[in-house]
2 protein chains.
Amino acid sequence: MRNNVIVGQSGGPTAAINASLAGVYRCAVDMGVSKVYGMLRGIQGLLEEQYIDLSEHIRCQLDEELLKRTPASFLGSCRYKLPDFKKDSAVYDKIFAILDRLDIGAFIYIGGNDSMDTIQKLSDYAAVIGHPTKFIGCPKTVDNDLPLTDHTPGFGSAAKYIAVSMKEILRDTICQAPAKGSVTVVEIMGRNAGWLTGATALCRGEDCEGPDLIYLPESIFDIEDFKAKISQLLAIKSTIVVAVSEGIRVADGRYVCELGADIDYVDVFGHKQLTGTATYLANYLTAQLGCKSRAMELNILQRAGSHLASLTDIQEAFLAGSAAAKAALDGQTGQMVTFQRISDSPYRCETALKDIHQIANGEQCVPLEWIDEANADVTKEFMTYVTPLIQGELQPIMVNGVPRHLYAPKQLLRK
Amino acid sequence: MRNNVIVGQSGGPTAAINASLAGVYRCAVDMGVSKVYGMLRGIQGLLEEQYIDLSEHIRCQLDEELLKRTPASFLGSCRYKLPDFKKDSAVYDKIFAILDRLDIGAFIYIGGNDSMDTIQKLSDYAAVIGHPTKFIGCPKTVDNDLPLTDHTPGFGSAAKYIAVSMKEILRDTICQAPAKGSVTVVEIMGRNAGWLTGATALCRGEDCEGPDLIYLPESIFDIEDFKAKISQLLAIKSTIVVAVSEGIRVADGRYVCELGADIDYVDVFGHKQLTGTATYLANYLTAQLGCKSRAMELNILQRAGSHLASLTDIQEAFLAGSAAAKAALDGQTGQMVTFQRISDSPYRCETALKDIHQIANGEQCVPLEWIDEANADVTKEFMTYVTPLIQGELQPIMVNGVPRHLYAPKQLLRK
């Protein structure tokens, strides 16, 4: 048996991805592994022999706690797609030579759909050449769109950030009530899957009505119907808040954010600009209804807002990392850790392993029956599913008024 | 002596403005006032006889705690400027008739520069007609631009939100390192005063280098120098983050966000669009240097992010509200509560009263000597001033995964 473990992070970062890294590290150390290496900037960095010894960065239990509270990919990330090894095996030869030199028995990759493609290709190649290293995927994505798992670590914290921010936005908007009414359109991440957009409904409660309309990318967006709904709402309310996915599309398949491209829309540098979805809709409403309007994007803070992490999410991310390391060290390969829900209330989930070939490059969207009949809200079933995932808080460790993070590897800060 | 107190909120909301409302209420009740009324949507609502009895909304000590944690103006807000009473006294007659009918001895208005104009005009008018109601201003603004006070409640919480968000943005950006480098330009509120933009530096610490460049509106923005600085930074770093005030201007006085207006820039509805400051600069850098770029706005969450409120700020906001009520009930009028700093470390501040005529419509910007020589950062003196204001956290009261707020008055939710 080889002595060492290597772990990498890939794709868009989340608030929970480092908890998975902490889980891999803790499990590997507890299982007696000699060295736990971290590849810097994923497989792309590994190809340039960029890696660190994690024990030099996680020097004590406090560091492990800080790592769980540090947003974004501690090891850096990449969006690198391995070639088909039947066509180009040179890159595989290079990777496996490095794994041999580092005496790597287990290779863990924390990421989303594209990262699972990497695990699939590496494990397939290892099988073909009879290489002993085991390859296990650990799921991560704020979009929650990985198949065969109840949900994905990273989603719960993003959902919580979005729900809390939406609640604060709603409270802010009711302060001012312009005579012609105002509409705030909030654009949420998730081009094909509406999990995060639907999560805006989590702000509803005895003290908050929640967004007035919620549009997911899974159903067709009807702009005339949207205008009619806003018009009806403006008759009874002065301030309206709408949540839209960045990826909503009209019946002919075009994204709403592409509708603005019909006429010249060129910036000072001569570049054609795509208006954002929220900006397009806000301008549309003002032009059509004369109301005030405002567009907002929650931007990368949706995925980086670790000060609002869900404790459930962080604990599950840690668990997923541990389960991935354990599986690989136990001799499993070509699998991804998944979550299987046992019950909604009390919430219980356990981990399982699924064949990576069933997962890589797949996509799990919101079921259409979880979108309400008027196509502008989520159903009770959606809420039952998502509510447990944002429960609990992981208190940031505050120093001088701001959360303390684990020191970033110096290699990420300078060229 | 008249029996009752009325309080209103005006101008842009903050995360701390309701702590001042709680302070007014607590002090008035403790001083034996019969009724504490809240005007809905400020003086504009009062003119329509829209007000509530606060005891029906703050029914117990828990409600008071929730009020302190509820963002935005609980009573609603307005941006209404009273006419000169020498030219138009009808509106004054109406207001004072309502005050007489409600038996109001003390009138407290929580707001910024414009709201202090209201206090000035009402107290002047009362003096002219010999009316017994006392008028006191309670300061509030995220912009921190009120004169004669060390700082203004609301600023500390916004500064803390911005510092924490900036730290998370910085961590996110270092994950990916595109070959040609990337620049993220973050636009911060504050058109004339750079206090909030400077507050981005508060994320600096042993674990965070902070933004690479910080541009305040108080100094002239030199776009060629900006390009040169970015170019130098791209030689040593792959990812750069810049904080800019929405109000930075070039030497000829134009706002940077107006520079894009030189050519046609018209949306699908035929409206001329002003690019945001950050968007303009991000596009400029990509066009000039070929790097990737991204523009971000923190938007209204800067002022509404009560889940990240500064405990120091909330306590001082409460104190300011109490001091305002006490001053009015003690017979003072035509004054605003201010903060006078006793020492930086340990931080100590006390309240005082200043003549409203010296404050209304004034503006306190960042002193030029607190901007560094290269015009792209703040000095140590700025940090010494601002650091105490973001210290401490007021834990949100979490219910079902999101912060609980005090129920909003129903009148604000429906027409």
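Numbers restart at 1 for each chain; the letters A, B, ... are given by sequence-line order, proteins then strands.
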(request) Evaluate the ring planes of A:H57 and A:F74, with Trp represented by its six-membered ring, and classify them as parallel (under 30°), tilted (30 to 60°) or perpendicular (over 60°). (result) perpendicular
(request) Mind ranking B:S238, B:P388, B:A163 by heavy-atom pairs under 4.5 Å with chain A and telling me who comes out on top? (result) B:S238
(request) Please look at B:T387 and chain A and tell me whether the side chain, the backbone, both or neither of the residue comes under 4.5 angstrom of a heavy atom of that chain. (result) side chain
(request) With a 4.5 angstrom heavy-atom cut-off, could you sort out which part of B:L202 is near chain A: side chain, backbone, both or neither? (result) backbone
(request) For the pair A:K237 and A:D212, find out whether any cationic side-chain nitrogen is under 4.0 Å from an anionic carboxylate oxygen. (result) yes
(request) Output yes when a side-chain donor or acceptor of A:T14 lies under 3.5 Å from a complementary backbone atom of A:A16, and no otherwise. (result) yes
(message) Looking at A:K167, is its backbone amide N or carbonyl O close enough to the side chain of A:R171 to form a donor-acceptor pair, meaning the two atoms are under 3.5 Å apart?
(response) no
(message) What part of B:D172 gets within 4.5 angstrom of chain A, counting heavy atoms only: side chain, backbone, both, or neither?
(response) both
(request) Could you tell me which portion of A:T70 (side chain, backbone, both or neither) has an atom closer than 4.5 angstrom to a non-hydrogen atom of chain B? (result) side chain
(request) Check each atom of A:N299 against the heavy atoms of chain B and say whether the ones under 4.5 Å are side chain, backbone, both or neither. (result) side chain
(message) Between B:L66, B:I236, B:V399, who has the most heavy-atom pairs with chain A when the cutoff is under 4.5 Å?
(response) B:I236
(request) Output the residues of residues 391-398 of chain A for which the shortest heavy-atom distance to chain B is under 4.5 Å, in residue-number order; output 'none' if no such residue exists. (result) A:Q391, A:E393, A:Q395, A:M398
(request) Report the option among B:S77, B:A177, B:A72, B:G76 that has the most heavy-atom pairs separated by less than 4.5 Å from atoms of chain A. (result) B:S77
(request) Mind listing the closest non-hydrogen atom pair of A:A304 and A:P71 along with its distance? (result) O-CB, 3.1 Å
(request) Flag the pair A:T184 / A:M296 as yes when at least one side-chain heavy-atom distance between them is below 4.5 Å, and no otherwise. (result) yes
(message) Does any backbone or side-chain atom of B:L234 lie under 4.5 Å from a heavy atom of chain A? Answer side chain, backbone, both or neither.
(response) backbone
(request) Specify which of A:G181, A:P403, A:A408, A:C175 makes the most heavy-atom pairs with chain B at under 4.5 Å. (result) A:C175
(message) Can you tell me which portion of B:L40 sits under 4.5 Å from chain A's heavy atoms? Options are side chain, backbone, both or neither.
(response) neither
(message) Just to verify, what does B:A201 make a side chain to side chain contact (heavy atoms under 4.5 Å, CB included) with, not counting sequence neighbours?
(response) B:R204, B:I214, B:V378, B:M383
(request) Only counting residues at least two apart or in another chain, list the ones meeting ring-ring contact (aromatic ring centres under 6.0 Å, His included) with B:H405. (result) none
(message) Using a strict threshold of under 4.0 Å (side-chain N to carboxylate O), is an ion pair present between A:E209 and B:R414?
(response) yes
(request) Specify which of A:G305, A:C208, A:S310, A:G205 makes the most heavy-atom pairs with chain B at under 4.5 Å. (result) A:G305
(message) Counting only non-hydrogen atoms closer than 4.5 Å, does A:L308 touch chain B with its backbone (N, CA, C, O), its side chain (CB onward), both, or neither?
(response) side chain
(request) Report the option among B:I300, B:V402, B:L75 that has the most heavy-atom pairs separated by less than 4.5 Å from atoms of chain A. (result) B:I300
(request) Give the member of B:L412, B:N400, B:I390 that has the highest number of heavy-atom pairs under 4.5 Å with chain A. (result) B:N400
(message) Run the side chain to side chain contact (heavy atoms under 4.5 Å, CB included) test against A:T239 and tell me which residues pass, sequence neighbours left out.
(response) A:T173, A:I174, A:S182
(request) Would you indicate whether the side-chain heavy atoms of B:M166 and B:V186 approach each other to under 4.5 Å? (result) yes
(message) Closer than 4.0 angstrom, basic N to acidic O: yes or no for B:E48 and B:R41?
(response) no
(request) Take B:I169 and B:L298 through the test side chain to side chain contact (heavy atoms under 4.5 Å, CB included) and record every step on the way to the result. (result) CA-CA 11 Å; B:I169 291 166; B:L298 295 191; 4.1 Å; yes
(message) Restricting to non-hydrogen atoms, name the atom on B:L170 and the atom on B:C203 that form the minimum distance, rounded to 0.1 Å.
(response) CD1-SG, 3.7 Å
(message) For chain A, which candidate among B:C78, B:P178, B:S306 shows the most heavy-atom pairs at distances under 4.5 Å?
(response) B:S306
(request) With a 4.5 angstrom heavy-atom cut-off, could you sort out which part of B:A15 is near chain A: side chain, backbone, both or neither? (result) neither
